Amino acid sequence: MSRIVLGIEYDGSAFAGWQWQKGARNVQACVEEAVGKVADAPVSVVCAGRTDAGVHAFEQVVHFDTAVERPLRAWWMGVNMHLPDDVRVLWAQIAPDGFHARAGALARHYRYIILNRPVRSALERTRVTWVYRPLDAAAMHAAAQVLVGEHDFSAFRAQGCQSKSPCRRVYLIDVFREGDRVIMDIVADAFVHHMVRNIAGALLAVGEGREEPEWIGAVLAGRDRTRAGATAPPDGLYLAGICYPEHFGLPRPPIFQRLPPDARRYT
């Protein structure tokens with residue numbers, strides 16, 4: 001029995017999310033069907049982090065176990081031949097001993113992209129979140145720094161979240177402008193349900209001048225979801241990369257090199 005690891009990119013616009021759902025198009029079912037055709041047997045895949053409806057991935061990481069032997073090229077190019085156009089395998093590797101896509105992840109990187117201009121995009125209407133009011137990215141970044149560290153994120157947690165604990169450790173959160181885009185990068189050990197979108201929604205209130213930067217800290221301390229504002233749309237959200245222990249030898253997204261020294265000891 002071999003364990004294979006895949007890096008997967010997908011456009012989540014037409015999916016009901018990653019996880020298998022009866023009667024709804026989902027990424028997991030598409031990947032399992034394509035891998036199963038190459039393996040000539042049913043296959044179950046385990047992902048590093050489940051994404052919601054409309055959320056995209058620059059690099060999702062999954063693993064699956066199989067008793068059949070195929071060259072790595074088959075798990076890469078062969079699987080791509082059976083995938084729809086909005087899902088692609090970027091790379092394939094044989095899993096190191098002890099590897100598990102979800103349990104072995106040390107940190108996850110999400111990116112939220114906001115198109116900040118008067119006119120909505122015709123080309124990227126489902127791949128960015130459009131905000132026409134001018135945003136103060138510097139104020140958003142300053143406000144976000146109170147979220148770095150280990151905190152109770154109940155204020156940014158969806159009501160239906162099934163996680164046992166609301167506590168998470170955020171290693172880095174950056175908000176910056178690139179032309180007419182405002183981008184939020186956030187790296188944490190894990191995320192509660194809708195945490196990134198709820199943080200983005202709260203920071204938008206700061207960026208638009210509806211709230212002062214200090215408001216984010218008050219919301220965090222209050223642990224009350226009703227005080228944190230609206231959940232930002234899924235369109236601009238991307239699972240950008242997963243960080244695993246170096247001895248696994250898997251690709252490490254560059255952002256993990258930007259973590260401050262005190263955070264690197266965890267990753």
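Keep in mind it's a predicted model, so treat the numbers as computed, not measured. Residue numbers count from 1 along this sequence.
For the pair I173/D185, no side-chain contact is recorded, criterion being any heavy-atom separation below 4.5 Å from C-beta on. Side-chain contact between I94 and W75 is absent, with no heavy-atom pair separated by less than 4.5 Å. At least one side-chain heavy atom of L115 sits under 4.5 Å from a side-chain heavy atom of D180. At a threshold of 4.5 Å between non-hydrogen side-chain atoms, the residues V170 and L172 do not count as touching. Annotation: side chain of R168 is not in contact with side chain of F191 (no heavy-atom distance under 4.5 Å). By the 4.5 Å heavy-atom criterion applied to side chains, V5 and F64 are not counted as neighbours. In this structure, V182 and V175 have side chains that are in contact, with non-hydrogen atoms separated by less than 4.5 Å. In this structure, L6 and V61 have side chains that are not in contact, with every pair of non-hydrogen atoms separated by 4.5 Å or more.
Separation of atoms CG (L250) and NE2 (H63) is listed at 12.0 Å; rounding is to 0.5 Å. Note that CZ of R197 is 12.0 Å distant from CG of L204, once rounded to the nearest 0.5 Å.
Minimum heavy-atom separation, A24 to A16: CB-CB, 3.8 Å. Nearest heavy-atom pair, A101 versus C47, reported as atom, atom and distance to 0.1 Å: CB-C, 4.1 Å. Here the shortest heavy-atom pairing between A29 and N26 reads N-OD1, 2.8 Å. P166 and R157 make their closest contact through CB-NH1, 3.5 Å (heavy atoms, listed as atom of the first residue, atom of the second, distance). Scanning all heavy atoms of the two residues, the minimum distance from A200 to M184 falls at CB-CE, 4.0 Å.
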**Request:** Report the C-alpha separation of L90 and W76 in whole Å, then their side-chain angles, then the decisive distance to 0.1 Å, and conclude whether the side chain to side chain contact (heavy atoms under 4.5 Å, CB included) test is met.
**Result:** CA-CA 7 Å; L90 303 175; W76 171 36; 5.8 Å; no
**Request:** Run the numbers on I113 and R181 for side chain to side chain contact (heavy atoms under 4.5 Å, CB included), then give the verdict.
**Result:** CA-CA 7 Å; I113 303 175; R181 293 178 179 225; 3.6 Å; yes
**Message:** Run H194 and D52 through side-chain hydrogen bond (donor to acceptor under 3.5 Å, both in side chains) and show every step you take.
**Reply:** CA-CA 9 Å; H194 283 176; D52 291 331; 3.3 Å; yes
**Request:** Take Y110 and V187 through the test side chain to side chain contact (heavy atoms under 4.5 Å, CB included) and record every step on the way to the result.
**Result:** CA-CA 7 Å; Y110 278 88; V187 179; over 6 Å; no
**Message:** Show, in sequence, the C-alpha distance, side-chain angles and deciding distance for I216 and L203, and conclude whether the side chain to side chain contact (heavy atoms under 4.5 Å, CB included) test is met.
**Reply:** CA-CA 8 Å; I216 298 293; L203 291 177; 4.0 Å; yes
**Prompt:** Given the rule in the side-chain hydrogen bond (donor to acceptor under 3.5 Å, both in side chains) test, do T231 and N198 qualify, once you have shown the distances and angles that lead to the verdict?
**Reply:** CA-CA 5 Å; T231 302; N198 288 336; 2.6 Å; yes
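Hydrophobic clustering (side-chain heavy atoms under 4.5 Å, transitive across Ile, Leu, Val, Met, Phe, Trp, Tyr) groups V206 together with M195. Note: the hydrophobic cluster containing V43 also contains L72 (ILVMFWY, side chain heavy atoms under 4.5 Å, direct or indirect links). At a threshold of 4.5 Å between side-chain heavy atoms, the hydrophobic network of Ile, Leu, Val, Met, Phe, Trp and Tyr places V219 and Y112 in one connected group. V55 and F156 fall within the same hydrophobic cluster, defined by Ile, Leu, Val, Met, Phe, Trp and Tyr side-chain heavy atoms under 4.5 Å apart, directly or through other members. Criterion: ILVMFWY side-chain heavy atoms under 4.5 Å apart, direct or through other members. Under it, W20 and V62 are not part of a common hydrophobic cluster.
Around atom CZ of R127, no more than 12 heavy atoms belonging to other residues, nucleotides or ligands sit under 6.0 Å away. In this structure, D224 places its CG atom where more than 12 heavy-atom neighbours from other residues, nucleotides or ligands lie under 6.0 Å away. In Q21, the CD atom is crowded: over 12 heavy atoms of neighbouring residues, nucleotides or ligands sit closer than 6.0 Å. Applying the 6.0 Å contact sphere to CZ of R120 captures no more than 12 heavy atoms from other residues, nucleotides or ligands.
For E32 and K37, the salt-bridge test fails: no basic side-chain N is under 4.0 Å from an acidic carboxylate O. Contact check on E9 versus R88 returns no salt bridge, with no Lys/Arg side-chain nitrogen under 4.0 Å from an Asp/Glu carboxylate oxygen. Ion pairing between D86 and R25 holds under the 4.0 Å rule for side-chain N and carboxylate O.
Under the side-chain hydrogen bond (donor to acceptor under 3.5 Å, both in side chains) criterion, E59 pairs with W91, not counting sequence neighbours.
In this structure, the side chain of R70 engages the main chain of V38 through a donor-acceptor pair within 3.5 Å. In this structure, Q60 contributes its side chain and Y10 its backbone to no donor-acceptor pair below 3.5 Å. A donor-acceptor pair under 3.5 Å is absent between the side-chain atoms of R227 and the main chain of G222, judged by distance alone. A donor-acceptor distance shorter than 3.5 angstrom exists from the side chain of R177 to the backbone of L135, with no hydrogens or angles considered. The closest donor-acceptor contact from the side chain of H56 to the backbone of G12 lies under 3.5 Å. A side-chain donor-acceptor contact under 3.5 Å links R225 to the backbone of G229.
R111 forms no cation-pi arrangement with Y238, by the criterion of a distance under 6.0 Å to the ring centre and an angle within 45° of the ring axis.
Looking at T66, D65, D97 one by one, the single match for side chain to side chain donor-acceptor pair (under 3.5 Å) with R3 turns out to be D65.
Residue pairs meeting the ring pair (Phe, Tyr, Trp, His ring centres under 6.0 Å) criterion with at least one partner in residues 130-155, sequence neighbours excluded, are W130-Y132, H151-F153. Applying the salt bridge (Lys or Arg N to Asp or Glu O under 4.0 Å) test to every pair with at least one member in residues 140-155, sequence neighbours left out, gives these pairs: E150-R169, D152-R223.
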